[in-house]
Amino acid sequence: MKAPEQTLKPRWVPLWWILVAVAMLALFFGIWCFGQQLKYGDIVTGHRNPGYGGAAWGLYIVFYVFFVGVSFAGISVSALSRLFHIEILKPATRIAELMTISALIAGSCAVFADLGRPLNGLLDLPRLARPQSPFYGTFTLVVAGYLFSSMVFFFLSARHDAAYMAEHGARPLRWLYRLWATGYRGSVAEQRRHNKSSFWLSVTILPLLVAAHSTLGFIFGIQAGRPGWFSALQAPAFVVLAGVSGTGMVILALAAARKIFALEEEIPLLTMRWLTNLMATLAMVYLYLMFVEELTSTYAAPSADRQVAHVIVSGRYAPMFWITVGCLVLTFAIPFVMRLRKVTSLPLMIAVSLLANVAALLKRFLIVVPSQTDGSFIPMEHSGYSPTIIEYGIGAGLFGILVLAVLLFGRIFPLVPSGTLLPASKTSGADSRTRAWLRFGVASGVACAALLMITVGLADSFRLFSAGELDPRIPYSPLIFAGGLMLLFCSAIAYEALPGTKSSSCVDVGQDEADLHEGTD
Amino acid sequence: MRKSLAVLLAWLRSWFLAPWRWHVARRKPEVDPSQRRLAMSAGVAALAGGLVGLTGARRADASAPPDPGPVTGRRWGMSIDLDSCTGCNSCQIACRQENNIPTQGADAKYGAGHIEWMSMLWKEPEDELAPPELLPFPCQHCDDAPCVKVCPVGATYQDSEGIVVQVWDRCIGCRYCMVACPYERRSFNWEEPKFEGSLAQMLNPDVATRTAGIVEKCTFCSHRLQRVKEEARLEERAMRDSELQHMPACAASCPAEAITFGDLNDPESAVAKDRRSPRVFRLLEHLGTDPKVFYLRRDRGEDS
């Protein structure tokens with residue numbers, strides 16, 4: 001295994017600089033566009049009133065859904081590899097988690113851009129958010145729960161490498177590594193604790209992930225007033241499409257990391273092939289769901305639903321629709337042929353991942369927009385929706401966030417979990433009996449407090465304590481709920497990061513190692 | 001520097017302390033003393049009934065429930081007689097003037113972005129001699145409103161008398177209500193509303209102007225309703241249906257008296273009578289939104 005500091009230097013520095021410059025440019029252009037929107041109002045976007053043929057939701061919501069979808073793969077790859085011991089996925093875990101975090105930040109920014117009064121949204125959502133609105137899930141489940149749990153996951157799983165980097169990393173950044181390592185010494189007991197907590201984190205995160213992506217589907221799926229949206233398939237289809245595009249993005253990020261940070265040895269092609277096959281399978285499932293959706297909405301559907309379906313399949317959105325179908329078919333077909341021919345081609349895998357993401361973006365557009373422009377029950381005017389440069393600019397800025405995150409992080413931290421042995425790893429770091437109880441007590445205390453906050457916050461967000469009035473009885477109760485969700489994941493940090501007893505006489509080291517190899521308990 | 005810091009701090013404090021203050025300032029619903037006595041006696045009766053039940057002695061009269069009395073709540077509704085409507089559009093203009101709606105629709109860049117609380121749906125007839133089909137189209141004030149369900153901050157809600165209202169200052173502009181409303185009766189302020197020249201002097205002081213980035217909608221002219229209520233209260237009498245019938249600006253301006261407003265819970269009101277008409281229909285009833293705007297079908301045509 002290569003020493004981590006070698007992987008931190010990009011192989012071809014000009015490429016790194018060029019990419020960083022482009023991403024920065026995109027980001028600054030996005031910020032400028034957002035400034036224009038704040039200054040002149042949303043008139044600078046292509047959004048208009050849906051009743052008059054426009055679309056009140058457009059590219060921002062498309063990007064929001066897309067980026068939250070991208071975040072899906074990251075955390076699920078990493079959680080699955082820990083839950084089922086899929087060793088082949090291990091090199092991809094850190095990049096995948098990084099992808100999740102940066103994509104969730106980009107997605108939150110997209111919602112922020114969509115709000116007519118972003119500042120009021122920032123202050124009023126924590127204060128007044130109602131769980132009855134599917135947007136509540138966006139704000140609490142996705143941002144608080146999902147983003148924060150990914151960060152905790154990321155933080156805990158990188159402590160081992162951080163401890164190594166604190167000794168061997170670049171001198172000016174050692175304070176950061178030391179902070180990150182939070183006293184981690186790489187002892188067997190610590191690794192065992194990490195295995196235990198990451199198992200439970202994975203068990204908690206996977207349902208949360210399905211819930212968060214379903215909430216995203218519910219934003220559209222439970223609106224009976226919008227033909228084309230009202231479908232029970234929305235929520236599961238969102239989860240599947242999130243898997244397709246997210247896995248594709250992880251493959252792209254892995255390929256970029258191989259190229260830029262010279263990680264060919266650390267990230268084997270087999271890992272990428274595994275992910276490509278997963279993506280191909282999910283693409284097939286999604287094609288099936290699309291078929292079901294189109295059949296239901298054309299065969300004997302209400303006329304308004306049928307009109308939307310016709311506009312999508314054979315009307316003005318037809319080119320977009322058939323490109324989407326083509327991309328998804330290729331996303332399945334190319335890996336399938338590669339499997340038959342027993343070839344593993346990196347360029348082909350990159351191409352497939354790109355196609356999958358093009359399909360995901362276009363399909364999200366087809367979900368969000370046509371139901372507004374052509375799906376009105378009220379026969380008013382028809383104009384249509386075409387995004388303006390401002391919207392494209394903000395979209396570019398969001399992609400800039402994603403690229404910058406990987407590029408900058410790759411420079412200061414190993415992108416692949418290294419598994420290097422730490423010098424002091426032979427010390428036990430095991431707990432005495434009292435310390436073990438203390439650790440358990442603190443962690444479960446934090447978890448209990450978190451559960452209390454979640455219950456109280458959620459109940460009061462439903463206005464249960466204020467008897468159906470407009471405001472919750474406890475100020476900022478949605479924030480209490482979100483904070484409880486965050487605190488719940490902090491119990492894992494409390495469990496892991498509480499230092500062990502100094503003496504190593506309590507538990508036999510050999511016994512510890514045997515436990516470690518047994519895997520998670 | 002110091003002053004601006006103080007202003008900033010005051011602003012922040014106002015934001016973060018506001019909910020506490022609201023709770024302090026929130027008025028308890030006024031309970032009629034006789035009702036309170038009734039409730040207390042009912043509670044005492046229930047307790048006594050429970051005790052009596054426990055001891056095994058059955059006395060039927062002790063556990064009799066109190067009489068709920070007649071329905072006193074008001075439920076505002078509107079009826080629009082399409083037979084009378086001439087399509088003069090005065091309801092639209094009156095609504096615009098009454099509610100300070102900016103007239104920015106003429107500029108091409110707005111496209112489908114103009115604000116309209118009261119619209120006129122217009123369908124050209126196939127037969128040239130027949131009159132066009134018209135439909136004055138305000139917010140339907142649904143009893144089970146999709147827009148109320150989806151609002152993430154509770155900026156829109158149904159008040160105790162059934163009107164779906166929107167708190168301008170609470171709206172964060174996510175536009176979820178716009179995509180959820182099947183009637184497309186919500187408009188967004190795509191930019192800061194402008195009232196140029198003499199338009200600025202024609203603003204109605206009773207209605208707040210809105211800012212950029214919020215959604216607005218028809219309020220059944222709540223401010224005019226409030227005025228009717230106040231007048232009745234000052235004269236110490238009940239509201240009369242005659243003064244409510246043409247209360248909203250659209251109804252007041254309708255020369256054909258096609259639009260009628262009133263209390264649906266009052267069986268004698270004009271609206272309630274219209275509601276019992278055989279010609280009555282509501283828009284998109286299959287969605288189950290239970291709108292409170294009733295249309296009376298056109299009666300001219302082959303039948304007459």
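To find a chain, count down the sequence lines: A is the first, B the second, and so on, and within it residues start at 1.
- In this structure, the side chains of B:Asn189 and A:Arg117 stay at 4.5 Å or more apart for every pair of heavy atoms.
- When the candidates B:Thr211, B:Val215, B:Asp169, B:Val167 are compared by the number of heavy-atom contacts under 4.5 Å with chain A, B:Asp169 comes out ahead.
- Both the backbone and the side chain of B:Cys174 come within contact range of chain A, judged by heavy atoms closer than 4.5 Å.
- Using a 4.5 Å cut-off on side-chain heavy atoms (C-beta onward), B:Arg185 and A:Ile378 make no contact.
- For B:Asn99, there are no side-chain hydrogen bond (donor to acceptor under 3.5 Å, both in side chains) partners, not counting sequence neighbours.
- Interface remark: of the candidates A:Leu115, A:Ile222, A:Thr45, A:Leu115 forms the most heavy-atom pairs closer than 4.5 Å to chain B.
- Neither the backbone nor the side chain of A:Ile61 comes within less than 4.5 Å of any heavy atom in chain B.
- Residue A:Tyr385 does not touch chain B at all, counting heavy-atom pairs closer than 4.5 Å.
- For A:Gln372, the part lying under 4.5 angstrom from a heavy atom of chain B is the side chain only.
- Annotation: salt bridge (Lys or Arg N to Asp or Glu O under 4.0 Å) contacts involving residues 52-63 of chain A, sequence neighbours excluded, are absent.
- At a heavy-atom cut-off of under 4.5 Å, chain A is reached by B:Leu284, B:His286, B:Leu287 from residues 283-296 of chain B, listed in order of number.
- Crowding of A:Tyr40 atom OH: a count of heavy atoms from other residues, nucleotides or ligands under 6.0 Å not exceeding 12.
- A:Trp57 has its side chain within reach of B:Arg175: a pair of non-hydrogen atoms, C-beta onward, lies under 4.5 Å apart.
- Within the 4.5 Å cutoff, side-chain heavy atoms of B:Trp190 are placed close to those of A:His47.
- If you tally non-hydrogen atom pairs under 4.5 Å between each of A:Gly225, A:Ser371, A:Ala304 and chain B, the highest count goes to A:Gly225.
- We find that B:Glu184 and A:Arg226 are joined by a salt bridge, their nearest charged nitrogen and carboxylate oxygen being less than 4.0 Å apart.
- Proximity of B:Glu116 to A:Asn49: side-chain heavy atoms (C-beta onward) are nowhere separated by under 4.5 Å.
- Contact detail for B:Tyr176 and A:Pro134: the closest heavy-atom pair is OH-CG, 3.3 Å.
- Taking 4.5 Å as the limit, every side-chain heavy atom of B:Val179 sits out of range of all side-chain heavy atoms of A:Gln223.
- Residues of residues 145-161 of chain B having a heavy atom under 4.5 Å from any heavy atom of chain A, listed by number: B:Val148, B:Lys149, B:Val150, B:Cys151, B:Pro152, B:Val153, B:Gly154, B:Tyr157.
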